[in-house]
Asker: 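Handing you this structure, nothing more for now.
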Amino acid sequence: MYSAKVMDHFMNPRNVGEIPDADGIGEVGNAKCGDIMRIYLDIEGNTIKDVKFKTFGCGAAVATSSMVTEMVKGKTIDEALTITNAAVAEALDGLPANKMHCSNLAADALHEAIKNYKEKEKAKG
Amino acid sequence: MYSAKVMDHFMNPRNVGEIPDADGIGEVGNAKCGDIMRIYLDIEGNTIKDVKFKTFGCGAAVATSSMVTEMVKGKTIDEALTITNAAVAEALDGLPANKMHCSNLAADALHEAIKNYKEKEKAKG
Amino acid sequence: MRRVYLDHSATTPVDPEVASLMMTYYTEKYGNPSSIHSFGQEVRNAVEQARHQVAALIGAKPDEITFTSGGTEADNMAILGVADAYRKKGRHIITSAVEHHAVLDTCEYLAKNGFELTILPVNEEGIVSVEDLAQAIRPDTILISIMHANNEVGAIQPIADIGKLAQEHKVLFHVDAVQSLGKIPVNVKEMNVDLMTVSSHKIYGPKGVGALYIRKGIRLVPLFHGGGQEKKRRSGTENAPGIIGFGKACELAGRRMAAEAAELKILRDKLLQGILDKIDYVKVNGPLGDSRLPNNVNVSIRFVEGESLLLSLDMLGIAASSGSACTSGSLDPSHVLLAMRMPHEIAHGSLRFSLGRQNTEEDIDYVLEQLPKIVERLRMMSPLYDQMKQAQ
Amino acid sequence: MRRVYLDHSATTPVDPEVASLMMTYYTEKYGNPSSIHSFGQEVRNAVEQARHQVAALIGAKPDEITFTSGGTEADNMAILGVADAYRKKGRHIITSAVEHHAVLDTCEYLAKNGFELTILPVNEEGIVSVEDLAQAIRPDTILISIMHANNEVGAIQPIADIGKLAQEHKVLFHVDAVQSLGKIPVNVKEMNVDLMTVSSHKIYGPKGVGALYIRKGIRLVPLFHGGGQEKKRRSGTENAPGIIGFGKACELAGRRMAAEAAELKILRDKLLQGILDKIDYVKVNGPLGDSRLPNNVNVSIRFVEGESLLLSLDMLGIAASSGSACTSGSLDPSHVLLAMRMPHEIAHGSLRFSLGRQNTEEDIDYVLEQLPKIVERLRMMSPLYDQMKQAQ
Ligand SMILES: Cc1ncc(COP(=O)(O)O)c(C=O)c1O
Ligand SMILES: Cc1ncc(COP(=O)(O)O)c(C=O)c1O
């Protein structure tokens, strides 16, 4: 069903955890739908220095979360904003068709986290 | 499908043939329906001394023809008239349900032959 | 790697005795049972013997058994066939919210095509109320379709009581007994059942075979038109090896059922108790004790998602199933769990272990050793678990 | 006793390679292909491979193949499914008088339920005229269903020409290829076919499996409601071992077809010529040469009845079939022979030998040795033979 890469990221997810006092936190999904992804960002300058995630969800949800954290680490915010859900799925050698819509939300969570960071920055003035 | 007795009468039919100048001949069925049975009787006094048949038809048609000739040989005409199609089937240890109507006509052929005999007798006066 | 199959409600292996019997009919006795030659007739005899074997297991007469391609076809045949044949008598059908999709979707198809449907609710254990049913029956009700045992939570319905009620109201009663057959006693006469669906691949017979019991005298419009096999009720060259295998599987099930059920119950209870002892925040789904199939364990493990549990178990060689939406690619979790009024987020974390003939105590020990570690790992990843911990 | 099976158009033995592959999936790799665990996924992969194998044999894409329980279900699914899905476009259907009952009876069911039916006649060889068909097409015609090769007389229809015509008129075209598959080349693209029925047990695969090719983009209302397997086109737990066996049988058929057809033609012609040489008053039914299936011999032996011939052959170990009414328990002989304008009494005496992979020259010699004796014996009993002799 899942590619070897998906299974690897599911069984050995990269960057699981939280960042205390993260610069940006993004969350998508809800428990009712069976998927929640939360992404924590540590940003210095314009660069994502560290990233962690916590996910409740299926194999695809966990794997895409893990993959997006790998893809984004060390990138600038602008580079990070170009990462799409489709790109994450592709980096995992694809996802089953029925997973493309419901569980492939990791890039959305990333974008939410960046949005959250920007809002915080704005608030700081 | 068929009982052992039916198969025996089909493979080794008794009394196949014709009786030249038979006292009574009866025929039922037609080629269109796939069954024709013809019975020849040799009658002395009121007794059926000899009986032969020719049949075009399925296994049940041949077997019932054969069986009816065995059942009737040596019987009086009145006894012969009491033989029914059902009795013939029973004597063969039964017939498949779908054969009971279309191919179980041997007693009818016998009765026709007796009728034919009686008509001839009447004509003789 | 150790492999532990605990998904027998999805399907079972074919019993070796059944499989080797089938082989004979695939390669040596391969005639078409409708042929009159001996290649056909030897197969015909074996098919009729199978009909006896299936009938015997459910207390029916052989000529009340029609073979189908499985439980789904039999369910469709019963419901669509009755609806079509009795539409002049009435157009109201009653079923329950926890039926298999083969029943529920067929009833809903009819509801879109001129019939009226009452879907009975269930209680939190997944059981239909006979009083609810009594109130739902109307003068134009032509069919009640209620399953014997539920495939997800193992809940056994009060079929005999429903049968009595149906008979009193002269309403036809169809029972999907796919999950109960071979596990608990099934008897169409004692239960007053008019139509009953059974399926071979759930009782160590081959896939692609099932049967519909049709009480003598009941009319049905067939699903298929064609050669008129199965007394015109089901056209198509008979799947003779499959039918013969199913018959044998029924015979074996009848002989082994009592002993097997007793053993399965012990394993079932060990597994359930072990999970409850070793993992916190676990909810048992479905009834306990005798209202539950002897081989079914169903739990919701909170703060984790079902598919993740399945995948993790699978990596350790353990096969189970889940009512999580993710396992079916739909958005909603199991309609059965939702009908039992379970919140979505808990339903997503449900896990079903369905035990079978070849499972051992060691299998259960293995699951009880691995599952807690898996749950711990997934909860470490779960934002829901965090939330709960913080809220404490 | 020597046993000679010459009824391969009724059904075939399962190829040993196919059977042993199936065994693996009955007893070892028994998971449900819809399950996400590895017990299920290893079976899923094999099912998808089978879909490739079936598709390859008919020039289709794998996702255009839907597995069914056999040819009858596939025929019903195609015709009922199209009728239901396209009823707003029109309600006229065209078929031929020599179709299998799975097509003819399904079309006649529709004719009783709001559709109009044109049944095309055939010529004396059993072949449909493309001109007749062209004239029958109306603006409200939604479906043409014509078989590729006839199961009784082996007549091969001009499918490619019909396909062109159907395409020009934008009418859907269904072909029952149950008898041609694996015997002559079949290609849905070259023949412009929209829907095609195939069946496993006619090509050395297991009984109880078939498939419907559905060209991409064609809508069909499914026959069964339920779990939504086969991309929602055919609910019900997949008969995985059967499907996998069918796939293998298709692969083998593809590899062997050319050589096998050449051998079968030699045996076929030897048998036919031998019968004509040794028995008088014999009529050949169906076309000769390339318009005939390589494995079909069909003759009418005058003055004798078909079932008697079959029983007598059977006593000598020879299995054949007949279009005699008596073999089906109906009153009329084969609708195919009658459509070819054969008088009833001659149709009753028809005999079909359908040859297969394992038949040898010795088998044919044995038939040619025994059949004349049988005919002589039966003719000695036949009042029709007498009549004919006397009339001479
Ligand atoms: C309760 C119930 N009914 C019907 C079915 C369908 O049976 P089958 O898989 O034989 O089509 C199943 C199993 O899938 C089931 O569990
Ligand atoms: C031409 C034709 N169509 C359809 C069928 C039905 O196929 P099945 O026996 O697989 O239901 C057959 C054989 O019985 C056939 O010969």
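Chain letters run A, B, ... following the sequence lines, proteins first and then strands; every chain starts at 1. Since the structure is predicted, the reported quantities are computational estimates derived from the model, not experimental observations.
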Asker: Within this structure, what is the CD-CD1 distance for the pair C:Glu345 and A:Ile36, rounded to the nearest 0.5 Å?
Answerer: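 Here the interatomic distance stands at 8.5 Å.
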
Asker: If you compare all heavy atoms of A:Ala31 against all heavy atoms of C:His348, which two are closest, and at what distance to 0.1 Å?
Answerer: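 Of all heavy-atom pairs spanning A:Ala31 and C:His348, the closest is O-CD2, 3.2 Å.
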
Asker: As an exercise, state the distance from CG of C:Asp386 to CD of A:Glu18, rounded to the nearest 0.5 Å.
Answerer: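 Output value for this atom pair is 4.5 Å.
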
Asker: Look up atom OG1 in A:Thr55 and atom CG in C:Leu378, then write down how far apart they are to the nearest 0.5 Å.
Answerer: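 A:Thr55 OG1 to C:Leu378 CG: 11.0 Å, rounded to 0.5 Å.
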
Asker: Considering only heavy atoms, which portion of A:Ala61 lies under 4.5 Å from any heavy atom of chain C: side chain, backbone, both, or neither?
Answerer: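 Looking at A:Ala61, nothing touches chain C.
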
Asker: Checking C:Arg302 against A:Phe56: charged group under 6.0 Å from the ring centre and within 45 degrees of the axis?
Answerer: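 Not flagged: C:Arg302 not positioned over aromatic ring of A:Phe56.
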
Asker: Return a table of donor-acceptor pairs under 3.5 angstrom between the side chains of residues 308-318 of chain C and protein atoms on other chains or two or more places apart.
Answerer:
{"from": "C:Ser308", "atom 1": "OG", "to": "A:Gly57", "atom 2": "O", "distance (Å)": "2.3"}
{"from": "C:Ser312", "atom 1": "OG", "to": "C:Ser308", "atom 2": "O", "distance (Å)": "2.7"}
{"from": "C:Asp314", "atom 1": "OD1", "to": "D:Ser38", "atom 2": "N", "distance (Å)": "2.8"}
{"from": "C:Asp314", "atom 1": "OD1", "to": "D:Ser38", "atom 2": "OG", "distance (Å)": "2.9"}
{"from": "C:Asp314", "atom 1": "OD2", "to": "D:Ser38", "atom 2": "N", "distance (Å)": "3.1"}

Asker: For A:Glu121, does the CD atom sit with more than 12 other heavy atoms under 6.0 Å from it, leaving out its own atoms?
Answerer: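 Enclosed.
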
Asker: Donor-acceptor pair, distance only, cut-off 3.5 Å: does the side chain of A:Lys54 make one with the backbone of C:Met380?
Answerer: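 Yes; at least one donor-acceptor contact below 3.5 Å.
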
Asker: Check this for me: A:Asp21, atom CG, are more than 12 non-hydrogen atoms of other residues, nucleotides or ligands nearer than 6.0 Å?
Answerer: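 No.
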
Asker: Inspect the surroundings of CD in A:Glu90 and state if more than 12 heavy atoms from other residues, nucleotides or ligands are less than 6.0 Å away.
Answerer: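 Result for CD/A:Glu90: open.
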
Asker: Given a strict heavy-atom distance threshold of 4.5 Å, which part of A:Met7 is in contact with chain C: side chain, backbone, both, or neither?
Answerer: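 Contact with chain C is through the side chain of A:Met7 alone.
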
Asker: Looking at side-chain heavy atoms only, is the closest gap between A:Pro13 and C:Arg377 below 4.5 Å?
Answerer: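 Yes, close enough: below the 4.5 Å cut-off.
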
Asker: Which pair of heavy atoms, one from C:Glu307 and one from A:Gly59, lies closest together, and at what distance?
Answerer: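 Nearest pair, atom of C:Glu307 first, then A:Gly59: OE1-N, 2.8 Å.
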
Asker: Look at atom NZ of A:Lys122 and say whether more than 12 heavy atoms of other residues, nucleotides or ligands are closer to it than 6.0 Å.
Answerer: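 Atom NZ in A:Lys122 is not packed in, count stays at 12 or less.
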
Asker: Just wondering, more than 12 heavy atoms not from A:Lys49 lying within 6.0 Å of its NZ?
Answerer: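 For A:Lys49, atom NZ is not crowded (no more than 12 foreign heavy atoms under 6.0 Å).
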
Asker: Please flag which part of C:Phe303 lies under 4.5 Å from any non-hydrogen atom of chain A: side chain, backbone, both or neither.
Answerer: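 Answer is backbone: N, CA, C or O of C:Phe303 sit under 4.5 Å from chain A.
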
Asker: Would you find a donor on one side and an acceptor on the other, under 3.5 Å apart, between the side chain of C:His344 and the backbone of A:Cys33?
Answerer: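 Absent.
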
